[in-house]
Amino acid sequence: MSTDEDLDIELDDKQLQLDLARVDKTGTALTTDQGIGVDDTDNTLRAGPRGPSLLEDFHLREKIMRFDHERIPERVVHARGSAAHGYFQPYDAALAQYTVAPFLTDPDTRTPVFVRFSTVQGSRGSTDTPRDVRGFATKFYTAQGNFDLVGNNMPVFFIQDGIKFPDLVHALKPEPHHEMPQAASAHDTFWDFVTLQPETMHHLIWLMSDRAIPRSYRTMQGFGVHTFRLVNAEGRSTFVKFHWTPVAGVHSLVWDEAQKISGKDPDFNRRDLWESIEGGVFPEYELGLQLIAESDEFAFDEIDLLDSTKIVPEEAVPITPVGRMVLDRNPDNFFAETEQVAFCIGNVVPGIDFTDDPLLHARLFSYLDTQLTRLGGPNFPQIPINRPVAPVRNHQQDGFHQDDIPLGQANYHPNSLGGGCPFVPGAGLTAPDQNTYVHFREQVDGHKSRKRSETFADHYSQATLFWNSMSAWEKEHIAAAYQFELGKVAPMHIRERMVEHLNQIDHTLAVTVAAGIGVAAPEPGRPNHGRISPALSQTSMPGSTGVRGRKVAILVADGVDETGVAALRERLLAGQAVVDVLGPVDGAVTTASGGTLPVDKAMNTVASVLYDAVAVGGGDAAADLLVADGVAVHFVAEAYKHAKPLIVLGVGDRLVQAARLPVYEVSDRTGDVPSKPMAAALDGVVFLAPDAAPDAGFFTEVQDAIIAHRHYDRPVAGIAA
């Protein structure tokens with residue numbers, strides 16, 4: 001049994017290794033790359049103050065040369081990313097019957113990890129919140145070598161065969177004749193391609209759902225996409241699908257909000273990840289596995305385990321929780337770590353193997369091939385962030401950026417001059433052990449042909465399953481997303497073709513979308529099979545972290561009643577929420593009692609879209625000032641329209657009235673036209689009556705409203721925001 005000290009050493013192995021590459025420049029003098037001291041880095045060496053620059057200025061030449069070569073090729077996809085260090089720890093040894101991989105079976109082992117989240121379509125300089133797939137790639141630095149689980153936030157992919165990947169990406173990226181649009185799928189070439197490839201239909205409906213606009217990386221699922229194998233000590237294989245589930249729950253943005261965030265803060269998701277970790281609100285995820293016996297490979301109707309456009313519903317194969325991952329350290333340098341990290345799906349360790357998924361096999365080639373170009377040659381595994389903590393000993397030689405200095409005479413196998421080293425310990429093994437990789441012994445037989453299995457042929461049933469499993473508000477958002485995207489497509493025949501596909505998924509969906517894009521409603525098509533999988537809806541994953549990490553804005557002005565604001569802020573901070581007090585200007589506001597209340601930010605420097613909930617302070621004078629401030633009125637109206645929790649203290653309700661929100665009973669309305677609230681208008685709205693002290697019941701309502709994340713049943717169509 002390992003001691004606590006042993007655990008710390010194991011967990012710190014990667015950080016100790018990175019310490020060798022970290023350079024602290026504090027208190028040091030400037031030098032060239034050769035270690036030569038520099039006396040002036042602001043002026044070129046010249047022949048006289050107004051004379052020509054001299055070629056002998058080696059510092060100028062080196063400085064400019066290094067600047068000219070700072071950029072490396074960005075990733076073709078997943079170019080824009082953000083990353084963090086952390087650890088993974090299994091709950092128990094239950095998986096030992098399925099795999100020899102100790103990082104999955106030893107509950108005393110904390111394996112260092114580096115996780116990179118990313119968008120797919122956009123360039124490095126694009127935005128964080130487009131409608132897009134998100135990458136969720138995890139590098140486990142295990143004692144047996146690196147295991148890279150390179151997945152996405154959606155469990156299925158567009159295509160079934162990797163040979164179509166170049167076509168997909170070409171169609172998805174900005175159009176070649178004018179290089180537009182950036183980080184967007186709402187354009188002609190993408191929809192032309194997908195409407196000609198029915199296999200894309202299941203992934204498309206995920207892309208049109210709110211899964212494509214996650215609130216943060218902390219509230220985003222991750223999936224291995226493919227079916228892999230676990231292999232145990234006897235060489236027995238079990239099919240496996242990997243699932244990451246955030247402990248904070250699965251939550252998304254509203255599309256209008258996502259578009260506005262792109263302008264207000266294009267770094268929204270990466271900033272959230274960075275600030276959460278810096279603030280001690282560490283993102284946490286549970287790893288769950290779907291385990292399928294080899295004998296059950298063909299036990300699922302309409303599902304081929306080798307088809308990456310299909311899921312295995314959780315109702316058919318429940319997810320087994322196996323461990324947790326915590327991200328608790330930000331990178332020291334974005335380029336050195338986040339940009340240079342190289343994930344390769346072929347990086348597996350003993351106990352994990354591949355299946356014959358044709359998309360997976362193409363990725364096995366493509367990922368390694370890409371790194372050779374992007375990172376300058378075959379020695380990219382020696383870059384510190386990519387180095388395994390397991391020792392590396394082989395006969396690979398030379399190449400660009402060879403950092404090691406191999407000793408000895410023999411750089412080949414077999415050899416006697418080097419004592420036969422490094423020797424091959426696994427010669428003759430038929431089953432893996434935890435330190436030696438042995439490929440699973442699968443019998444393969446078949447005629448060579450360019451032909452796809454008939455078991456891959458159903459392209460609509462699972463899209464229908466996804467649609468059937470959505471809540472009412474999720475369905476509404478999906479239909480609106482199709483209307484938005486197809487509304488950006490100029491050729492009508494492409495719109496019509498997509499409606500025909502939707503009619504094979506669900507007739508109501510097809511009719512709804514058609515009505516919004518100028519296409520005739522189709523006649524009923526393929527009948528809806530009626531099956532559902534409740535686990536597919538975001539409503540099934542609310543999370544269990546309370547208000548921890550939620551961002552709340554409190555609007556104040558001169559004359560604010562500081563008592564209610566202070567009590568609310570204190571209670572939210574106690575729950576580890578992030579609270580910003582916003583005023584008309586920066587600095588501080590005067591309170592109703594004559595004191596001062598510090599303001600964190602001015603309202604006009606932020607926006608409601610950057611927060612999870614909005615509160616309005618009380619106080620007569622403050623309410624009058626806020627009502628007269630169009631920024632404040634819009635702030636509240638926009639937050640309400642985006643279904644966010646709204647907390648109203650005392651006479652702060654005047655601002656809510658000024659925003660013309662439909663939330664008042666007859667007896668409460670102070671305007672000329674009393675009216676009852678519309679159905680669900682009060683969802684997520686918490687009032688504290690004037691002169692009332694905030695009590696436990698009030699704070700419970702506030703917490704419940706924030707934990708619910710959004711209140712999508714509100715009537716918001718008539719709100720001008």
Side-chain angles (χ1 to χ4, degrees), residues 4 6-24 75 78 80-90 102-104 106 108-118 128 134-151 153 216-220 222 242 244-248 267 269-287 323-344 347 349 371 375 380-390 545 548-549:
D4 288 342
D6 292 333
L7 291 178
D8 289 340
I9 291 173
E10 291 174 3
L11 177 59
D12 289 343
D13 276 349
K14 186 59 188 179
Q15 294 303 324
L16 292 172
Q17 185 190 67
L18 289 174
D19 281 343
L20 301 176
R22 292 182 171 117
V23 178
D24 185 357
R75 293 166 170 86
H78 298 277
R80 182 174 180 82
S82 189
H85 293 276
Y87 64 87
F88 171 78
Q89 186 170 15
F103 84 97
L104 289 173
D106 182 359
D108 293 328
T109 296
R110 284 187 172 186
T111 300
V113 299
F114 190 68
V115 179
R116 186 176 186 271
F117 305 100
S118 56
D128 278 354
R134 300 303 192 280
F136 192 132
T138 306
K139 187 179 290 289
F140 297 82
Y141 301 98
T142 85
Q144 287 68 43
N146 288 352
F147 169 52
D148 290 355
L149 181 56
V150 193
N153 73 323
S216 73
Y217 296 135
R218 297 182 291 117
T219 60
M220 186 179 83
F242 294 96
W244 291 114
T245 300
V247 175
D267 301 306
N269 289 145
R270 60 168 57 176
R271 189 186 309 281
D272 177 89
L273 179 66
W274 180 277
E275 292 182 349
S276 295
I277 293 173
E278 290 296 295
V281 181
F282 301 143
E284 184 174 336
Y285 308 83
E286 182 172 75
L287 180 64
R324 72 175 189 137
M325 179 171 71
V326 178
L327 303 182
D328 58 4
R329 180 178 178 131
N330 281 315
D332 292 295
N333 183 274
F334 184 90
F335 178 82
E337 297 171 84
T338 304
E339 187 63 20
Q340 287 198 123
V341 67
F343 293 95
C344 293
N347 291 348
V349 293
Q371 308 303 349
L375 296 172
F380 67 86
Q382 295 184 17
I383 296 171
I385 194 62
N386 295 321
R387 276 187 179 268
V389 294
T545 54
R548 185 170 181 256

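As the structure is a computational prediction, the values presented were derived from the model and not from experiment. We number each residue from 1, following the sequence as shown.
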**Q.** Between OG1 on residue T142 and NZ on residue K14, distance to nearest 0.5 Å
**A.** 11.5 Å
Q.
I'd like to know if the side chain of R116 reaches the main chain of T338, judged simply by a donor and an acceptor atom lying under 3.5 Å from each other, with no hydrogens or angles considered.
A. yes
Q. Where is the tightest heavy-atom contact between G145 and A390, given as atom of each residue plus distance?
A. N-CB, 3.5 Å
Q: Might you point out which heavy atoms bring S118 and H78 nearest each other, and give the distance in Å?
A: OG-ND1, 2.8 Å
Q: Could you point out which residue of E275, E278, E337 forms a side-chain hydrogen bond (donor to acceptor under 3.5 Å, both in side chains) with N330?
A: E278
Q. Do I277 and F282 have side chains that get closer than 4.5 Å, going by heavy atoms?
A. yes
Q. Are W244 and L149 side-chain neighbours, meaning at least one heavy-atom pair lies under 4.5 Å?
A. yes
Q) What is the distance from atom CD of E339 to atom CZ of F334, rounded to the nearest 0.5 Å? A) 5.5 Å
Q: Can you sort out the partners of F114 under ring pair (Phe, Tyr, Trp, His ring centres under 6.0 Å), two or more places apart, ordered by chain and number?
A: H85
Q: Calculate, to the nearest 0.5 Å, the distance between atoms SG and CZ belonging to C344 and F380 respectively.
A: 4.5 Å
Q | 4.5 Å side-chain heavy-atom contact, P388 and F147 | A | no
**Q.** Spacing of CG belonging to L327 relative to CZ belonging to F117, to within rounding of 0.5 Å
**A.** 5.5 Å
Q | Minimum heavy-atom distance between V281 and R548, given as atom pair plus value | A | CA-NH2, 3.6 Å
Q) Are V349 and F103 side-chain neighbours, meaning at least one heavy-atom pair lies under 4.5 Å? A) yes
(Q) Testing the basics here: between M325 and T138, what is the closest heavy-atom pair and its distance to 0.1 Å? (A) SD-CG2, 3.9 Å
Q: Flag the pair Q382 / R387 as yes when at least one side-chain heavy-atom distance between them is below 4.5 Å, and no otherwise.
A: yes
Q. Any side-chain heavy-atom pair from L273 and P283 closer than 4.5 angstrom?
A. yes
Q: With Y285 as reference, evaluate Y217, F136, Y87, F242 under the ring pair (Phe, Tyr, Trp, His ring centres under 6.0 Å) test and give the passing residue.
A: F136
Q.
Pairing donors with acceptors under 3.5 angstrom, does anything connect the side chains of D148 and N347?
A. yes
(Q) Applying side chain to side chain contact (heavy atoms under 4.5 Å, CB included), can you list everything that pairs with P90, at least two apart in sequence or on another chain? (A) F88
Q) What pair of heavy atoms forms the shortest contact from R22 to D19, and how long is it? A) NH1-OD1, 2.6 Å
Q. Would you say F343 and K139 make side-chain contact, with heavy atoms under 4.5 Å?
A. yes
Q. So do V113 and Y141 actually touch side chain to side chain, heavy atoms under 4.5 Å?
A. no
Q | Approximate separation, where rounding is to 0.5 Å, of L287 CG and T245 OG1 | A | 9.0 Å
Q: Give, for atom CD of Q89 and atom CG of D106, the distance between the pair rounded to the nearest 0.5 Å.
A: 9.0 Å
**Q.** Lys/Arg-Asp/Glu bridge criterion (N-O < 4.0 Å) met for D267, R80
**A.** yes
Q. Is there a donor-acceptor contact under 3.5 Å from the side chain of R329 to the main chain of Q15?
A. no
Q: Measure across Q17 and P384 and return the closest heavy-atom pair with its distance rounded to 0.1 Å.
A: OE1-O, 3.9 Å
